[in-house]
Amino acid sequence: AGGAESIGRHVLKLMARRAALRADVAEAERHFGCALRGLKLEEDGDVVSFSVDGCDYTILIADGYPRGCQVFSSDIAEDFELTGRILEVVSELLSRHTARRSRTVTQPSMARTDSLVGEGASALGSVFEDEGVDEEDVGDDEDEGIMSKWQWQASEDDRSVVVRADVNAARRLFGMKAVDFCATGDSCRILAHVDASAGGAISELTAGAWGIDLRSPLTLRMVSTVGEYLQGELPKLQVFQGSCHEDSRFEPEKQLLLIITNFLQQRRALAMQETSAVAAASLGWNDCVRPCPAASPSRPKRVRLDRLTAEESQDVVEARRRREESFQEALSVEGLLSQLLRYVTLRMPSLHKYCAICDEPHTSPPMIQRTVCSREICCWQYAQFGSLISDAMGVNSTAEVTDLLVCMAIRAAKSKRLELLFDPFPMLFVEGDCRPVLSSKTSGRFSQLKQVMRDVEAVREETPCSGAAWVTCSRSMEQRSALVRPMVQWISQSVRALLLPLRQAQRIPEFGTEWQYLLVSAAPEREKCFQSLKREAASTFAFHGSPPENWHSILRHGLKVASNTSLMLFGARLGAGIYLSPRSDVSSQYSSAAGVRTPAVAPGGPAQAPETRGASESAEGGARATAPSGDITGNRKVGLGRLRMLAVCEVIVDPTLKRTKSIWVAPKEEAVVTRFFLVYPGDGMPVVDLASETLLEKVRSCVESFRQRP
């Protein structure tokens with residue numbers, strides 16, 4: 001009985017070894033099939049044979065496989081021993097074969113060089129056709145003198161034939177000038193160029209918000225050994241726009257590198273899973289050997305989600321499904337390089353839908369800005385490392401915009417509707433602590449939040465800095481409280497709308513205020529939907545007024561239909577919808593707390609000058625000097641007094657829009673998008689009527705100029 005059991009174990013061991021050999025031979029065939037002829041595993045399972053350029057190779061598999069494989073060659077008198085899996089042994093043999101042949105060649109021509117790598121490589125001739133491209137066009141200074149777009153050295157490792165096949169496939173799919181390639185020894189360098197607009201899917205407005213130059217292609221620079229490329233391992237990666245990485249101003253670099261890294265890891269995991277499946281199938285183990293769900297490439301291991309509502313959870317599942325569809329679509333094309341470029345093209349238009357740190361879907365509906373999600377681990381990483389780990393800061397980080405956002409947050413903290421307005425709730429960390437000091441799970445969180453906002457207001461008023469530069473004075477913040485600086489950072493970074501101050505030449509004088517901003521809150525897909533509706537029906541412009549504290553929430557969630565919800569403040573007399581008006585004096589009545597009226601100035605009357613303050617304060621504690629009203633745009637500081645805030649919205653004029661003489665109601669959120677944001681410090685504000693054709697045309701022209709190039 002013992003002998004039978006021993007024989008059974010031996011038989012199973014031999015079967016497993018033969019299955020592993022079959023999988024290894026299949027993998028070698030996949031990688032080197034274009035350079036080899038007749039690669040096969042003999043029936044007895046101990047011999048692998050193939051030929052290259054008429055030279056026959058036989059690999060005798062030793063019992064200790066993958067150690068000690070004996071190799072016989074028709075070109076070599078003596079046999080020799082190599083160690084490694086079939087893929088590695090074949091790769092080494094190809095390398096030696098090419099090196100041996102190259103020693104017999106003097107000054108090889110391009111055609112002669114092609115013949116050195118076997119019949120399969122002759123199909124790659126189109127890769128090496130000279131199109132007259134200068135070497136300066138290849139890449140940055142580091143590559144000059146080393147990398148030539150059409151260079152093929154006769155002594156080059158023949159394993160790179162697979163890389164060249166991938167390059168050829170990518171050029172067929174994306175164009176001959178889309179990929180620059182060089183192999184030097186065992187190292188290969190690839191410069192791949194991708195349309196920065198992802199085939200027109202990214203508009204000029206979105207590109208401006210994300211920090212992408214649509215006039216320049218996106219370049220992926222990859223450096224790895226040929227072996228690493230064949231194994232699908234992570235190469236050294238750079239993503240940039242322009243001539244070199246050092247001069248690049250491509251802002252989503254870190255987020256795109258994360259997406260590329262995840263793709264390569266997921267693809268490698270899938271390849272390993274398929275190799276295991278081949279071995280299991282030969283033993284009839286398909287029903288027994290299955291990959292762990294946590295390691296499945298379709299279910300990559302991610303950080304645990306916080307508790308979500310049913311609606312949010314459905315949005316997250318849908319976003320994950322779309323990400324998986326992009327992965328599968330990328331795998332449908334030929335070659336690793338083509339798959340990578342295809343995946344980048346598919347993922348680029350949806351950068352705003354996924355966290356810039358973990359690449360998980362946002363738990364709330366997306367807006368235009370790229371941001372970090374509200375999961376604790378990502379918030380901690382962003383708070384501790386900032387721009388070192390993520391590039392999701394965006395243009396909202398300018399001093400003037402940050403100061404304006406702080407004003408909204410201060411007003412929200414003083415509101416009776418505090419619990420509704422601070423959603424999401426801040427998650428604040430102090431240096432050296434991996435647990436949040438203040439979060440939605442903190443006991444007495446709203447009392448603590450009020451105290452933090454009082455400290456923020458005190459620092460804002462007491463710091464002797466010019467204009468809005470107080471937001472950069474970390475020492476003053478830390479002296480007041482350890483949570484002031486994290487709070488100011490959270491206020492700036494949690495905004496998901498684009499808020500950009502307009503320069504003097506860009507402002508519309510009829511609005512009667514110097515505090516004019518470009519405001520874009522709609523996600524790119526919603527903007528696309530709006531433009532589609534606009535082609536079917538006309539559009540016009542109207543004001544939307546809301547108290548400053550409400551804007552703290554609107555800039556994080558977008559303009560919503562709040563009628564008959566807990567967010568409703570002024571009722572819904574004309575039905576549910578977004579309330580608008582073509583007259584600024586009507587909308588201004590909604591821009592303060594309920595029941596408070598705003599005095600209006602006659603049309604064309606003087607507007608309240610912006611309330612700014614200078615920084616010069618004597619060492620003896622003298623009075624601050626007042627800054628001129630023409631303070632530099634980007635560093636202006638608005639007064640915290642009687643603030644009025646209006647948005648200029650573009651609205652679709654369709655049958656669902658309810659219009660009276662002075663009040664409009666748009667029941668569909670997708671029919672309204674924000675265009676400009678106006679701030680009126682002080683009591684008075686001018687009466688502006690957007691029904692004026694002259695003003696309407698000026699506003700429309702200004703909007704189109706920003707849509708073309710923000």
Side-chain angles (χ1 to χ4, degrees), residues 302-313 315-316 355 357-358 360-365 371-386 389-390 402 405-461 471 474 476-496 547-557 562 565-569 593:
R302 302 287 180 184
V303 295
R304 183 180 64 84
L305 296 180
D306 295 334
R307 287 179 297 176
L308 308 173
T309 65
E311 182 180 358
E312 288 172 336
S313 180
D315 291 338
V316 170
C355 173
I357 290 181
C358 70
E360 273 294 296
H362 288 294
T363 56
S364 54
T371 57
V372 175
C373 69
S374 58
R375 300 173 181 96
E376 184 174 318
I377 182 63
C378 296
C379 291
W380 175 80
Q381 291 179 353
Y382 199 27
Q384 294 296 315
F385 306 109
I389 193 173
S390 175
T402 300
L405 297 173
V406 168
C407 289
M408 299 175 189
I410 291 173
R411 297 290 284 268
K414 296 178 179 180
S415 171
K416 295 179 180 179
R417 302 161 64 242
L418 168 69
E419 297 184 12
L420 290 174
L421 298 176
F422 273 93
D423 177 24
F425 193 86
M427 187 177 294
L428 307 183
F429 297 83
V430 296
E431 188 174 353
D433 194 347
C434 62
R435 294 293 181 184
V437 178
L438 180 62
S439 72
S440 59
K441 301 177 183 178
T442 304
S443 177
R445 59 186 181 277
F446 288 106
S447 298
Q448 294 187 44
L449 177 61
K450 289 180 181 179
Q451 181 57 51
V452 173
M453 291 309 303
R454 284 193 290 267
D455 291 335
V456 170
E457 183 176 6
V459 172
R460 182 181 186 273
E461 295 301 319
V471 302
S474 300
S476 298
M477 298 181 191
E478 292 169 357
Q479 288 176 348
R480 181 75 187 192
S481 169
L483 291 181
V484 171
R485 183 167 172 267
M487 187 69 205
V488 173
Q489 290 178 336
W490 179 87
I491 291 172
S492 173
Q493 296 164 2
S494 60
V495 170
R496 301 190 298 143
E549 56 267 26
N550 279 11
W551 287 106
H552 173 84
S553 177
I554 293 172
L555 294 182
R556 288 160 178 82
H557 296 281
T565 71
S566 58
L567 294 172
M568 185 175 68
L569 188 60

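Because only heavy atoms are used, hydrogens play no part in the values below, and waters and symmetry mates are left out as well, while side chains stay in.
Distance CG/Asn550 to CG/Leu555: 10.5 Å, rounded to 0.5 Å. In this structure, OG on Ser390 lies 5.0 Å from OH on Tyr382, to the nearest 0.5 angstrom. Rounding to the nearest 0.5 Å gives a distance of 12.0 Å between SG of Cys379 and CD of Gln384. Atom CG of Leu483 is separated from atom CH2 of Trp490 by 13.5 Å, given to the nearest 0.5 angstrom. Distance CD/Gln451 to CG/Leu438: 11.5 Å, rounded to 0.5 Å. For the atom pair CD1 (Ile491) and CD (Gln489), the distance works out to 10.5 Å, reported to the nearest 0.5 Å.
Applying the side-chain hydrogen bond (donor to acceptor under 3.5 Å, both in side chains) rule to Ser440 yields no partners; only residues at least two apart in sequence or on another chain are considered. Residues satisfying the ring-ring contact (aromatic ring centres under 6.0 Å, His included) criterion with Trp551, sequence neighbours excluded, are Phe677.
Of the possible donor and acceptor atoms, none in the side chain of His557 sits under 3.5 Å from a partner among the backbone N and O of Ser364. Listed for the Thr442 side chain is a donor-acceptor partner under 3.5 Å among the backbone atoms of Ser439.
In this structure, the side chains of Glu478 and Glu431 stay at 4.5 Å or more apart for every pair of heavy atoms. Within the 4.5 Å cutoff, side-chain heavy atoms of Leu421 are placed close to those of Ser415. Side-chain contact between Arg556 and Ser494 is present, with at least one heavy-atom pair separated by less than 4.5 Å. By the 4.5 Å heavy-atom criterion applied to side chains, Arg411 and Pro547 are not counted as neighbours. In this structure, Phe429 and Gln381 have side chains that are not in contact, with every pair of non-hydrogen atoms separated by 4.5 Å or more. Side-chain atoms of His362 and Asp315, non-hydrogen and from C-beta on, never get closer than 4.5 Å to each other. Looking only at side-chain heavy atoms (C-beta outward), Val459 and Val488 stay at 4.5 Å or farther from each other. No side-chain heavy atom of Cys373 sits under 4.5 Å from any side-chain heavy atom of Glu360.
The two residues Ile357 and Cys378 have their closest heavy-atom pair at CD1-O, 3.6 Å. Nearest heavy atoms, Leu418 versus Ala412: CD1-O, 3.6 Å. In terms of heavy-atom proximity, Arg375 sits nearest to Cys358 at NH1-SG, 4.1 Å. A pairwise comparison of heavy atoms in Leu428 and Pro486 identifies CD2-O, 3.7 Å as the closest pair.
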Exercise. Start with the C-alpha gap between Ser374 and Thr363, add the side-chain angles, then the distance that decides, and say whether side-chain contact (heavy atoms from CB on, under 4.5 Å) holds.
Key: CA-CA 8 Å; Ser374 58; Thr363 56; 3.6 Å; yes
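Screening Glu549, Arg445, His552 for a side chain to side chain contact (heavy atoms under 4.5 Å, CB included) with Phe422, the sole residue that qualifies is His552. Each of Arg460, Met487, Arg480 was evaluated against Asp455; a single residue qualifies, Arg480, per the side chain to side chain contact (heavy atoms under 4.5 Å, CB included) test.
Side chain to side chain, Thr371 and Arg496 fail the donor-acceptor criterion of an N or O pair below 3.5 Å.
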